[in-house]
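Given the structure is predicted, the values throughout are model-derived calculations rather than measurements.
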Amino acid sequence: MPVNPELVGREFPPTAPYLVGREKVREFARAVFADAPQHTDVAAAQALGFSDVVAPPTFAMVVQDLTLQQLLGLEDSGIVLSRTIHAEQRFAYTRPIVAGDELTAQLTVTGIRAMGPAAMITSEAEIRDASGAHVVTATSVLLVSDAPAEDAEEAGA
């Protein structure tokens with residue numbers, strides 16, 4: 001089944017609140033080799049004016065993933081996970097994510113572009129704090145093939 005073009009413009013319900021934990025920020029920073037002290041040391045973060053450790057910029061993907069699970073879980077989407085590649089990721093921040101933030105995210109599918117036997121699905125997750133203030137917009141592009149891998153190989157792809 002090809003990707004459902006009716007996904008464009010679809011908004012999903014906001015996610016349950018995600019409480020950003022200090023140890024999660026530290027673990028993520030280690031995993032992505034973000035070695036600036038504000039990512040692991042509370043005093044270093046406070047010296048920069050933050051209330052707690054600051055998450056590396058790509059940490060927003062942890063929260064955005066909750067929204068992408070909503071999209072990938074749709075039965076009528078035409079998205080088959082085994083035929084999907086995460087092709088692109090962008091973040092537009094209003095402010096950094098800090099341990100102690102309680103974040104919710106809401107996904108909107110903003111575009112689908114056909115590319116031969118594949119489609120590129122662009123979605124934006126608006127991530128907000130507990131007061132409703134914008135923190136970051138995370139934009140993902142997923143590349144979804146309509147054909148199973150063995151069919152693509154036979155076609156010379």
Undergrad: Tell me whether Gln106 contacts the main-chain N or O of Phe12 through its side chain, where contact means a donor paired with an acceptor under 3.5 Å.
TA: yes
Undergrad: Given 3.5 Å as the limit, does a donor-acceptor pair link the side chain of His39 with the main chain of Val54, or not?
TA: yes
Undergrad: Does atom CZ of Arg95 have more than 12 heavy-atom neighbours, drawn from other residues, nucleotides or ligands, at distances under 6.0 Å?
TA: yes
Undergrad: Do you know the tightest heavy-atom contact between Ala99 and Gly21?
TA: CB-C, 4.1 Å
Undergrad: Considering all heavy atoms of both residues, which atom of Ile112 and which atom of Ala119 are nearest to each other, and what is their separation?
TA: CG2-CB, 4.1 Å
Undergrad: Are the side chain of Gln70 and the backbone N or O of Pro13 linked by a donor-acceptor pair below 3.5 Å?
TA: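 Yes: the side chain of Gln70 pairs with the backbone of Pro13.
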Undergrad: Only one of Thr139, Thr108, Val109 clears side-chain contact (heavy atoms from CB on, under 4.5 Å) with Thr122; which?
TA: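 Exactly one candidate clears the test, Thr139.
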Undergrad: Indicate, with yes or no, if Val136 and Leu19 share a hydrophobic cluster defined by side-chain heavy-atom contacts under 4.5 Å among Ile, Leu, Val, Met, Phe, Trp and Tyr.
TA: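 Each belongs to a different hydrophobic cluster.
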Undergrad: Can Leu74 and Arg10 be said to form a side-chain contact (heavy atoms from CB on, under 4.5 Å), step by step?
TA: CA-CA 12 Å; Leu74 286 178; Arg10 188 176 294 186; 3.0 Å; yes
Undergrad: Find out if a path of hydrophobic residues (ILVMFWY) with successive side-chain heavy-atom gaps under 4.5 Å connects Leu143 to Ile121.
TA: no
Undergrad: I'd like to know if Val80 and Met120 are part of one continuous hydrophobic network [Ile/Leu/Val/Met/Phe/Trp/Tyr, side-chain heavy atoms within less than 4.5 Å].
TA: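 Each belongs to a different hydrophobic cluster.
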Undergrad: Look at atom CD1 of Ile85 and say whether more than 12 heavy atoms of other residues, nucleotides or ligands are closer to it than 6.0 Å.
TA: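 No - once you tally the heavy atoms of other residues, nucleotides and ligands closer than 6.0 Å, there are 12 at most.
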Undergrad: Sub-3.5 Å donor-acceptor pair from the side chain of Asn4 to the main-chain atoms of Asp76, do we have one?
TA: yes
Undergrad: Enter the distance from Glu11:CD to Ser123:OG here, rounded to the nearest 0.5 Å.
TA: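 One finds 12.5 Å between CD of Glu11 and OG of Ser123.
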Undergrad: Rounded to the nearest 0.5 Å, what's the gap from CG on Leu66 to CE on Met61? Could you check?
TA: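 Atom-to-atom, Leu66:CG and Met61:CE are 9.5 Å apart.
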Undergrad: Is any side-chain heavy atom of His86 closer than 4.5 Å to a side-chain heavy atom of Leu142?
TA: yes
Undergrad: Examine distances only and state if a side-chain atom of Arg83 and a backbone atom of Val144 form a donor-acceptor pair shorter than 3.5 Å.
TA: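 Judged by distance alone, no pair lies under 3.5 Å.
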Undergrad: Would one find more than 12 heavy atoms of other residues, nucleotides or ligands at under 6.0 Å from atom CD of Glu88?
TA: yes
Undergrad: Which heavy-atom pair separates Tyr93 from Pro56 by the least distance, and what is that distance?
TA: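 Heavy atoms only, the tightest pair is OH-O, 4.3 Å.
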Undergrad: Taking all heavy atoms of Thr67 and all of Ala105, pick out the closest pair and write down the distance.
TA: CG2-CB, 3.5 Å
Undergrad: Measure from the side-chain N and O atoms of Gln64 to the backbone N and O of Ala138, and report whether any donor-acceptor pair falls under 3.5 Å.
TA: yes
Undergrad: Looking at every non-hydrogen atom in both residues, tell me the closest pair between Ile127 and Ala60 and how far apart they are.
TA: CD1-O, 3.8 Å
Undergrad: Please say yes or no: joined through hydrophobic side-chain contacts below 4.5 Å, possibly via intermediate residues, are Phe59 and Leu48 part of one cluster?
TA: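 No, no single cluster joins them.
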Undergrad: What is the distance from atom OG1 of Thr40 to atom CD of Glu23, rounded to the nearest 0.5 Å?
TA: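 One gets 10.0 Å once the value is rounded to the nearest 0.5 Å.
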Undergrad: State, to 0.1 Å, how close Ser140 and Leu68 come at their nearest heavy-atom pair, and which atoms those are.
TA: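 Taking Ser140 first and Leu68 second, the nearest heavy atoms are OG-CD1, 4.0 Å.
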Undergrad: Of Val98, Leu103, Val63, Thr104, which is the lone residue that meets side-chain contact (heavy atoms from CB on, under 4.5 Å) with Val135?
TA: Leu103
Undergrad: Among the clusters formed by ILVMFWY side chains lying less than 4.5 Å apart, do Val42 and Ile97 turn up in the same one?
TA: yes
